[in-house]
Amino acid sequence: TRHVALQWAAGSECTAAAEGLVTSVPELFLTAVKLSHDNTGARYLHLAREDTNNVFSVQFRTTPRDSTGVPHVLEHTVLCGSQKYPCRDPFFKMLNRSLATFMNAFTASDFTQYPFSTQNHKDFQNLLSVYLDATFFPCLRELDFWQEGWRLEHEDPSDPQTPLIFKGVVFNEMKGAFTDNERIFAQHLQNKILPDHTYSVISGGDPLCIPELTWEQLKEFHATHYHPSNARFFTYGNFQLEHHLKQIHEEALSKFQKIEPNTAVPAQKPWDKPREFQITCGPHSLAADASKQTMVSVSFLLPDITDTFEAFTLNLLSSLLVSGPNSPFYKALIESGLGTDFSPDVGYNGNTREAYFSVGLQGIAEENIQKVRDLVDRTFDEVVEKGFEDDQIEALLHKIEIQMKHQSTSFGRALISYIASCWNHDGDPVELLQLGNQLTKFRQCLKENPKFLQEKVKQYFMNNQHKLTLSMKPDEKYYEKQTQIETEKLKQKVDSLSLEDKQQIYEKGLELRSQQSKPQDASYLPALKVSDIEPTIPFTTLDVALTAGDIPVQYCAQPTNGLVYFRAFSSLNTLPEELRPYVPLFCSVLTNPCFEEDEHFKVLVKMTAQELSNGIPDSGHLYATLRASRTLTPAGDLQETFSGMNQVRLMKRIAEMTDIKPILRKFPRIKKHVLNCDNLRCSVNATPQQMAQAEKEVERFIKSLGRSKKERKPVRPHVVEKPAHSASGESAHGSSSQIIRKLITDPTFKPCQMKTHFLLPFPVHYVAECIRTVPYMHPDHASLRILARVMTAKFLHTEIREKGGAYGGGAKLSYNGIFTFYSYRDPNSLETLNSFEKAIDWAKSGKFTEQDIDEAKLSVFSAVDAPIAPSDKGMDHFLFGLSDEVKQAHREQLFAVSHDKLIAVSNAYLGTGKSTHGLAILGPENAKIAKDPSWIIR
């Protein structure tokens, strides 16, 4: 420790305390230690907290001056091999050699961050070693740059007669990202309100600029930005700080000298008069009203985010202005009926050196732009005149206090996200964490000056010349124009090539293919062994009692920081079929009673429809999966109805209805079935001291609900009654043998194959193939679960991401036994389905090693043993009837999975004709599919 202490200013905790660098933050139950490294100036923050899920992160200030996406391509490429670990993708390989609870890398507008978390000490050291080597000593090989960034390559790399096209993981990822109109709007908003420096460019890369980036520029950017003098290290949890400091010093920092990184972002020069811009985007195929697809927002530049209290105040003020149905802008804008939802990036945005506030509407008619602008100005006038109700302010402060007490399993990761931007611009991260002080100061300011908030509104919104009005409307030809620019760019590049260049491109393409197909030696990467995994799980004590006569309630005593978590589970088996599609909407209304009125309800429907259609580019693979599995299980149709494309389309139809009274009339009927004691079971998680009071409240709640006067007919009459699995450590409340779970079956159900292509105007695809196998309780489920992981890591990752250029893809198995292959933001469609077939053949041939199986086990166990928050303990038992005994049996089956078992389940379930398959694609038109009558086109 002495040695470490000399290297790090105030390295041991006692000297650090003397210099005021150790700060207790009782409201978050943690102690903060702030250090800097003598020799390089690297900064360090450690948050010591009794939490086993330890976190590490290193972040660099990356401030590009063009839109070639250099920080983003670099973030991908440093993870493709380093000096100590030169194999092609140590990052993805570590996913299978570790029990990490999280591993990732992010490119923000002005920093790049590499976080991981794990509960295992040896694993922490392994991952730290790989992360340090990747970020400070990457190989940055030219072929990795080609694969991850961009390259020219023949459409079919083995045939030089096929045309040359742009390929590359980041290139395709960003093409996918900009199919999202909200993303386009938010990107332009930042570029235009902060036009003077790095915020005027697209740090992730503009697909039309990415092909300007060279390998030399990439290496140069790494040398200047990925240096300890430009780095901030963060650790969190209950592992020893000394160990971290020693390892980081020895493996990275001791090899560098201090430099001046010159990466600071200068302050934006404030404008002397407001500015306006209009931009275009692609048409929205699922928008409720084609004539109302314009969005507009008014935004204001705010002060530097490193002024912690001012930022805290403005963040709160923004919430008061735009959050919830009682806020002034919700009432003025959303309830005006002019649009469907707030514009993107509404509220306070503190991710840039100077923050900004934005408010506006989407889903409006172009001629209403001025109306919205007038409403914004008028609302600020009214706020200055009337101020806010005391109870509104109190409710918001109460919400912050509850958030501070809520124990999530990713608490450490949430903290690093919270402080990243402020610390990146040399703000004090510890001050930012002292939320108690800020709340106290805020209450004090309000007490001394009741008009405190109104004065801020005047200062920052009414008298602020740095005001941007941005509007965006769809252009039918937007994607055509983008494709045309890309084609011209491609033509320029290709025309400038000599025969020699072309030959070289063809050879490099082949070289990249052979590299991608070569087996990698990863033996020098550190790894945990299967023997490092705990053989048994800790059992959770549950009490199950009958309340109010016959309603089962599960009680689970946990250290919840004094919060009580209540859940009720209601069976829909008596609900008539025709009411089912409206249940998700009913749930939204149930938690917002003011929406039961006509006008409020219209607003809710439009917002929901807008949110669903906006979410497709991010969740396309999930929609494809739901559709592909729809006809494979009795519950599949219901899942598609509630959460699939059917729900998106239903909401679009309701949003277009002029009279929505018939929909509202369905709700009292649904309510009778859902809020009904006959169909209910409940659960409570709280501290032991709160249980007695909680029981009384639950009983009171249940007694307030209705019961059926007459016996209701179940829709599906086949109900199997099973006793709930006995919970561990049963108490005298009543033994769970009297708790009966009613399970619904459909003996007439026959799975069938269905192939659906949803036409969407995106330049990328989302592909899914689902196969009906066996559920969790079946002995083969464990082998299929490991198989999905082996196929993803050893075959599909290479085929779909590295060779195919998709942003992601793989195989997974759900509790109910649906085995899914999927791809995400994929330039291919039918070729990907072909890759899924190849993956099955590969699995049946058993071309994987014992080590591959061990790695898959580690990966699966890191999910099985992911930390569970006190509020969620006992949920598997409550929701799915899975007792700890059942989970322990499954655990033992996972340990016992062998090479033979994997080949056996591949042959038994995945081969053609063995089980029923379902397929779905979301994406652009496809001539081959259109000609094939076995596909349904929607």
Side-chain angles (χ1 to χ4, degrees), residues 66-70 72-74 76-81 86-89 138-175 205-222 482-521 763-764 795 797-807 809 825-832 834-835 838:
D66 60 41
S67 293
T68 57
V70 57
H72 188 189
V73 176
L74 181 60
H76 278 246
T77 318
V78 300
L79 301 175
C80 289
C87 64
R88 206 178 56 244
D89 57 348
C139 298
L140 301 182
R141 293 170 285 234
E142 187 173 20
L143 281 179
D144 295 330
F145 166 63
W146 276 41
Q147 172 181 291
E148 295 298 321
W150 75 277
R151 63 187 181 275
L152 282 173
E153 188 175 270
H154 292 284
E155 221 165 66
D156 172 356
S158 56
D159 179 2
Q161 296 312 306
T162 56
L164 285 168
I165 54 169
F166 287 131
K167 292 186 186 177
V169 174
V170 170
F171 178 76
N172 281 321
E173 178 191 346
M174 295 313 291
K175 262 176 88 166
D206 178 337
L208 301 172
C209 305
I210 292 172
E212 299 305 311
L213 180 63
T214 67
W215 181 40
E216 270 62 37
Q217 286 167 334
L218 182 86
K219 291 187 290 188
E220 172 58 25
F221 194 86
H222 179 268
Q482 292 290 100
T483 309
Q484 196 184 341
I485 301 173
E486 190 188 314
T487 311
E488 280 165 19
K489 186 148 230 137
L490 181 64
K491 191 176 177 316
Q492 278 173 356
K493 291 257 180 219
V494 174
D495 288 351
S496 67
L497 297 172
S498 63
L499 279 173
E500 211 174 308
D501 292 337
K502 286 184 180 167
Q503 182 60 25
Q504 206 179 359
I505 283 173
Y506 169 60
E507 283 164 13
K508 277 221 167 129
L510 291 180
E511 189 188 342
L512 184 58
R513 268 294 140 115
S514 79
Q515 284 276 331
Q516 289 169 336
S517 308
K518 238 190 243 155
Q520 292 277 305
D521 172 24
V764 287
F795 189 86
H797 176 75
T798 304
E799 283 293 310
I800 292 171
R801 182 172 162 126
E802 293 182 348
K803 293 184 187 172
Y807 185 43
R825 292 190 180 160
D826 189 345
N828 311 304
S829 55
L830 292 171
E831 302 78 358
T832 298
N834 195 21
S835 296
K838 283 200 270 189

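Any value given below was found using the heavy atoms of this structure, including those in side chains, with hydrogens, waters and symmetry copies removed. Positions are given from 1, in the same order as the sequence printed here.
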Less than 4.5 Å apart, side chain to side chain, heavy atoms only: is that true for [X] and [Y]?
| X | Y | result |
| --- | --- | --- |
| Glu488 | Gln492 | no |
| His76 | Leu74 | no |
| Lys219 | Glu142 | no |
| Lys502 | Val494 | yes |
| Pro207 | Glu486 | no |
| Lys493 | Leu164 | no |
| Glu153 | Ile165 | no |

Compare every heavy atom of [Y] with every heavy atom of [X], then report the nearest pair and how far apart it is.
| X | Y | answer |
| --- | --- | --- |
| Asp89 | His797 | OD2-NE2, 3.4 Å |
| Asp156 | Thr162 | N-OG1, 3.2 Å |
| Val70 | Gln217 | CG2-O, 4.4 Å |
| Ser158 | Tyr506 | O-OH, 3.7 Å |
| Pro827 | Gly804 | CG-O, 3.2 Å |
| Glu799 | Lys803 | OE2-NZ, 3.2 Å |

Main-chain N/O of [Y] paired to [X] side chain as donor or acceptor, under 3.5 Å:
| X | Y | value |
| --- | --- | --- |
| Ser517 | Ser514 | no |
| Arg825 | Asn172 | no |
| Lys508 | Leu152 | no |
| Glu831 | Ser829 | yes |
| Lys489 | Leu208 | yes |
| Gln516 | Glu802 | yes |
| His72 | Gly205 | no |
| Arg141 | Cys80 | yes |
| Thr77 | Phe145 | no |

If you measure from [atom1] on [X] to [atom2] on [Y], what distance do you get to the nearest 0.5 Å?
| X | Y | atom1 | atom2 | answer |
| --- | --- | --- | --- | --- |
| Lys491 | Ser496 | NZ | OG | 10.5 Å |
| Trp215 | Leu143 | CH2 | CG | 9.0 Å |
| Asp66 | Leu213 | CG | CG | 7.5 Å |
| Phe795 | Lys838 | CZ | NZ | 6.0 Å |
| Ile210 | Asp206 | CD1 | CG | 7.0 Å |
| Thr798 | Arg513 | OG1 | CZ | 10.5 Å |

- Task: Would you sort out whether Ile505 and Arg151 count as a side chain to side chain contact (heavy atoms under 4.5 Å, CB included), showing the intermediate values?
- Result: CA-CA 9 Å; Ile505 283 173; Arg151 63 187 181 275; over 6 Å; no
- Message: By the definition ring-ring contact (aromatic ring centres under 6.0 Å, His included), identify the one residue from Phe166, Tyr807, Trp150 that meets it with Phe171.
- Response: Phe166
